[in-house]
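Heads up: numbering here begins at 1 and tracks the sequence.
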Amino acid sequence: MLARRSLLLGAAVAATAATLPGTAAHAAAGSAAGGPLPLPRPTGAHPVGTRSFPATDHARTDPFASRPGPRELMVQLWFPTARHAGQGLPGQGLPGQGRAGYTDAPTAAVLEAGWGVAAGSLARVRTGVRPVRRVPARPTLILLSHGRGSVRALTTSLAVELASHGHLVAAVDHTHDAAAVHFPDGRLIRGSLPSAPEDWDAQDRIETSVRAADLRFVADELTARRLAPRRVGLLGHSMGGAAAAEAMRQDPRFAAGMDLDGGLFGTAVADRGLDRPFLLLTSSPDHETWARWRAAQQGWGRHLHLAGGGHLSATDLAGYAEAIGLRERWPEPLWGELLGTVAPERATAAVRAFTVAFFGRFLAHRPAPLLRGPSARFPEVEFRWSRGR
């Protein structure tokens, strides 16, 4: 059964630190060795650009901040661009290769220290995407929410894949929840949510509510900038999946939602269902919140299970964890729980294919035969439950 502990990337950090001499930061003091680690190439027809920006919701006081103030977020957009990777963007590239970095150095340092891997390990990860200042308006938008204690960077490959198929993707860093959020003014805000609250149910409700409000606010911001269409999709990993479900429950403009291995904690969707399409793609075989949702779901729905998957199989980490030395740092039970036994390239291909098919069908009205039933192309994906055609 999917326990709350398995929802937390922070659990991996804690377990790593417990197995190391001294502190996790001590283990990260060395230098990263090895060559570049390119993310999987996107399969869509469009070259992809990216841009990040801070967004402040002055209508909300941040409930997690140590001092009263408005809710502040970082948002990264991924989008189709007419410029091909080899054309260059005068005055807009990064030093050296002119590619967007996987994450900023301060955030990378927090992750590397927490995981107990060498400093500079994440600098080896290559996105293959160029930074672009001007963001084109798109007919489809997908908001992307990371897992508890994670960061937006860990779903980069999935964001790029969706953008290559024509979608505007907005990945949100949920401040104080994310492991670290680095703002353009130099502030680095580390995650500060409790790892073992006295009342998990109350904590889940607070966190899911705040995340859902974050997603609604970002949709408002992009609409105000004339970048977002009226109908929007939601995609979340782990706690981000619960947030996607709750945001859909609150806001009818969200046309479709997808949950990657997230228990439906802190949301009434588990008992009320949704009247719009919602897809569960899970590594755990089942969970009581998913069973309740299946009984209550009113709109189109699917529960797909990735056999042999781990809780982090839907993230980039599955592809480079061994290369940066995490197998040596994570004890075997934790490695299996988080990364599973399925080959990373198979997990990535399956998650991408079903995500692209789902949002292609319900946001862009494209045919999606992959969603009809079991496929010889992905025998590791089991159809556990279906509603609607």
Side-chain angles (χ1 to χ4, degrees), residues 35-55 73-108 111 120-138 140-146 150-173 178 181-182 184 218 222 225 227-228 233 235 237 314-320 323-324 344-345 348-349 351-353 355-356 359-360:
L37 299 172
L39 294 176
R41 292 179 63 87
T43 64
H46 300 275
V48 177
T50 188
R51 180 187 174 187
S52 301
F53 65 93
L73 306 169
M74 281 298 297
V75 180
Q76 185 161 10
L77 301 179
W78 305 90
F79 45 87
T81 176
R83 296 181 181 272
H84 292 277
Q87 287 183 279
L89 297 167
Q92 297 180 12
L94 296 175
Q97 293 182 323
R99 306 287 176 165
Y102 183 59
T103 188
D104 55 86
T107 299
L111 295 174
S121 293
L122 292 179
R124 297 168 56 196
V125 181
R126 301 288 189 265
T127 67
V129 174
R130 290 185 181 272
V132 178
R133 288 197 183 104
R134 184 176 180 181
V135 182
R138 299 298 304 172
T140 56
L141 167 66
I142 300 167
L143 301 176
L144 178 52
S145 180
H146 60 73
S150 185
V151 293
R152 71 179 193 267
L154 293 192
T155 50
T156 292
S157 177
L158 193 52
V160 173
E161 172 72 356
L162 288 165
S164 80
H165 284 269
H167 304 285
L168 170 63
V169 180
V172 182
D173 264 339
V181 183
H182 185 233
V218 171
L222 296 177
R225 298 180 188 212
L227 295 176
L235 172 62
H237 172 246
T315 73
D316 303 335
L317 195 59
Y320 60 72
I324 65 173
E345 60 272 17
T348 296
V351 171
R352 282 178 159 197
T355 304
V356 167
F359 288 111

For this session: Mark yes or no for whether R130, through its side chain, and G49, through its backbone, hold a donor-acceptor pair below 3.5 Å.
Result: no
Exercise. When rounded to the nearest 0.5 angstrom, what distance separates CG in D316 from CG in L158?
Worked result: 8.5 Å
Seminar exercise, completed: Taking every heavy atom of A323 against every heavy atom of L37, the minimum-distance pair comes out as CB-CD2, 3.7 Å
Problem set entry | Distance, nearest 0.5 Å, that separates CG of L144 from CG of L235 | 5.0 Å
Exercise. Is there a side-chain contact between R134 and T81, using heavy atoms and a 4.5 Å cut-off?
Worked result: no
Problem set entry | Side chains of D173 and H146 in contact at under 4.5 Å (non-hydrogen atoms) | yes
Problem set entry | Close side-chain approach of V218 to L73, heavy-atom, < 4.5 Å | yes
Exercise. If you round to the nearest 0.5 Å, how far is CZ of F53 from CE of M74?
Worked result: 8.5 Å
For this session: Would you mind reporting whether V125 and Y320 have side-chain heavy atoms less than 4.5 Å apart?
Result: yes
For this session: Rounded to the nearest 0.5 Å, what's the gap from CG on L222 to CZ on R138? Could you check?
Result: 14.0 Å
Exercise. Looking only at heavy atoms, what is the nearest atom pair of A163 and F79, with distance?
Worked result: CB-N, 3.7 Å
For this session: Would you sort out whether S164 and R41 count as a side-chain hydrogen bond (donor to acceptor under 3.5 Å, both in side chains), showing the intermediate values?
Result: CA-CA 10 Å; S164 80; R41 292 179 63 87; over 6 Å; no
For this session: Please report the shortest heavy-atom distance between P42 and E161, naming the atom on each side.
Result: CA-OE1, 3.2 Å
Problem set entry | Shortest non-hydrogen contact between A55 and V75, atoms and distance | CB-CG2, 4.3 Å
Exercise. Within the side chain of T50, is there an N or O that forms a donor-acceptor pair under 3.5 Å with the backbone of P131?
Worked result: no
Problem set entry | Reported CG-to-CZ distance for the pair L162 and R352, which is rounded to 0.5 angstrom | 9.0 Å
Exercise. For the side chain of Y102 and the backbone of A153, is there at least one donor-acceptor N/O pair under 3.5 Å apart?
Worked result: yes
Problem set entry | Smallest separation among heavy atoms of R152 and V172, with atom names | CB-O, 4.1 Å
Exercise. Among T156, V160, V129, which residue meets the side chain to side chain contact (heavy atoms under 4.5 Å, CB included) test with L39?
Worked result: T156
Exercise. Taking the side chain from R51 and the backbone from V132, do they hold a donor-acceptor pair closer than 3.5 Å?
Worked result: no
Problem set entry | Shortest non-hydrogen contact from L227 toward L168 | O-CD2, 3.6 Å
Exercise. Say you draw a straight line from OG1 of T355 to CD1 of I142; how long is it, rounded to the nearest 0.5 Å?
Worked result: 8.5 Å
